[in-house]
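Please read these numbers as outputs of a predicted model, since none were measured by experiment.
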Amino acid sequence: MIERTTQQGMQHSSLAILQSHLRRLSTLQTQASTGKSFAKPSEDPAGTMDAMRIRADQRANAQYQRNIDNGLGWLTTIDTALSTTSSLLRRARELTVEGANTGALGSTSREALATELEATADALRDQSNATYLGRSVFAGTSDASVAFDDTGTFQGVAGDGVLRRVAEGTSVRVDSDGAAVFGTGGGSVFALLQQIAADLRAGQDVIGHLDAIDQHMDTVGKETASVGARYNRLEAASESIETQKVALASQLTGVEDVDLAETITELKLQEVAYSASLSATQRVLQPSLLDFLR
């Protein structure tokens, strides 16, 4: 059976083809001007879902980086305080050794040593109350303004401490336990120096306090090493995030962006195809005498 082709059928077919070329031309023009492969989710639902997932990963990484930066600030503050603490303890040890030379020191000299030891104790308490962004770095999760009060009593909360999440399922502690570092009660470094000062004024031998000072110095040294290790972990996490940042940006580009050179080439070809369709449709749609009489 021979299929019958009518003038009206040719017109409908030509207009449909012309409309198809026009839609494709509009899409390519939009892609070329925006550089994006789709403007609405309905144009590429799968691509939209991929882009949403990648952007969620980017937001998570950005939050991890903020956490890392905050953690580095905490650890830097602690490291500085511990470094100063070590220097103060070394000075306290020197003063104690000097004060142990009981035969060569008069009451005035012993008083001077005692006064400096008390000043050193005060300076150590200042370091124990170091803060970062208004938070005490040695008070744990406590909201107290200081880790140690004027009497040397610990005001913080010992335990797991302040954590910063730096990756999925990975957190790093960014504070230090002030109670462990500086001691508490009569075993604190503040009480120790006050006791040495009192013994000096009383004319007693202070050589026996050197072991206690050395123990505090060892504790501070170990905590400094721990802080350095945690600092390195944060830096490694930051480097990993930077690598992921580049990878995610590349993935997003692959999902959303178009190959501009390829798109422009296709646009030119589509413009030619559209012009050809216009020319062909113009011949098909030429008015007949009957159309004129109508």
Side-chain angles (χ1 to χ4, degrees), residues 74-132 134-140 142-159 161-162 175-228:
W74 276 71
L75 293 176
T76 298
T77 301
I78 294 170
D79 184 69
T80 300
L82 291 177
S83 177
T84 303
T85 296
S86 292
S87 298
L88 290 170
L89 285 173
R90 284 194 296 271
R91 179 55 183 162
R93 194 181 195 283
E94 292 171 357
L95 292 171
T96 302
V97 170
E98 187 176 346
N101 189 7
T102 55
L105 293 177
S107 59
T108 301
S109 297
R110 296 172 74 87
E111 176 63 30
L113 292 175
T115 300
E116 186 172 351
L117 279 165
E118 289 174 337
T120 302
D122 291 339
L124 283 170
R125 191 166 56 251
D126 289 341
Q127 295 307 310
S128 73
N129 288 325
T131 61
Y132 179 71
R135 289 281 304 277
S136 172
V137 296
F138 289 107
S142 171
D143 58 359
S145 59
V146 294
F148 293 88
D149 62 17
D150 291 340
T151 66
T153 303
F154 184 59
Q155 303 296 307
V157 175
V162 179
D175 72 319
S176 283
D177 185 350
V181 174
F182 296 94
T184 58
S188 72
V189 67
F190 321 115
L192 173 61
L193 297 193
Q194 292 289 351
Q195 184 60 52
I196 297 173
D199 289 348
L200 280 171
R201 289 192 175 99
Q204 298 179 11
D205 188 4
V206 296
I207 194 68
H209 293 299
L210 289 178
D211 286 343
I213 294 177
D214 290 342
Q215 289 176 6
H216 280 291
M217 292 179 68
D218 184 62
T219 298
V220 171
K222 289 179 179 178
E223 185 63 17
T224 300
S226 173
V227 168

Least distance between heavy atoms, [X] atom then [Y] atom:
X	Y	answer
A180	T219	O-CG2, 3.4 Å
L82	V220	O-CG1, 3.7 Å
V162	G140	CG2-O, 3.4 Å
F138	A81	CE1-CB, 3.9 Å

Of all residues at least two apart in sequence or in a different chain, which pass the side-chain hydrogen bond (donor to acceptor under 3.5 Å, both in side chains) check with T131?
-> none
Can you run down the salt bridge (charged side-chain N to carboxylate O under 4.0 Å, His left out) pairs that involve residues 217-227, sequence neighbours left out, and say none if there aren't any?
-> D218-K222, E223-R230
What pairs of residues pass the salt bridge (charged side-chain N to carboxylate O under 4.0 Å, His left out) test when at least one of them lies in residues 192-204, not counting sequence neighbours?
->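 Passing the test, one end in residues 192-204: E111-R201, E118-R201.
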Side chain to side chain contact (heavy atoms under 4.5 Å, CB included) partners for [X], two or more places apart:
X	value
Q155	A144, V146, D149, T153
D79	T224, V227
R93	V97, L210, I213, D214, M217
T84	L88, Q127

Option passing side chain to side chain contact (heavy atoms under 4.5 Å, CB included) with L200 (candidates T115, T96, V206) = V206
Value for OH (Y132) from OG1 (T80), rounded to nearest 0.5 Å, stands at 12.0 Å
Roughly how far apart are F148 CZ and N129 CG, rounded to 0.5 Å?
->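 Between F148 CZ and N129 CG, I get 7.5 Å after rounding to 0.5 Å.
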Please name all residues satisfying salt bridge (charged side-chain N to carboxylate O under 4.0 Å, His left out) with D126, sequence neighbours left out, ordered by chain then number.
->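 In terms of salt bridge (charged side-chain N to carboxylate O under 4.0 Å, His left out), with neighbours along the sequence ignored, D126 is linked to no residue.
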R91: partners by salt bridge (charged side-chain N to carboxylate O under 4.0 Å, His left out), with sequence neighbours left out | E94, E116
Taking S128 for the side chain and R125 for the main chain, is one N or O donor matched with an acceptor at less than 3.5 Å?
-> yes
So, D175 side chain and G161 main chain: donor-acceptor pair closer than 3.5 Å or not?
-> no
What pairs of donor and acceptor atoms, side-chain ones from residues 181-193 against any protein atom, are under 3.5 angstrom apart with sequence neighbours left out?
from: S188; atom 1: OG; to: G185; atom 2: O; distance (Å): 3.1
from: S188; atom 1: OG; to: A191; atom 2: N; distance (Å): 3.1

Under 3.5 Å side-chain donor-acceptor pair for R110 and S107 =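 Judged by distance alone, the side chains do not pair up.
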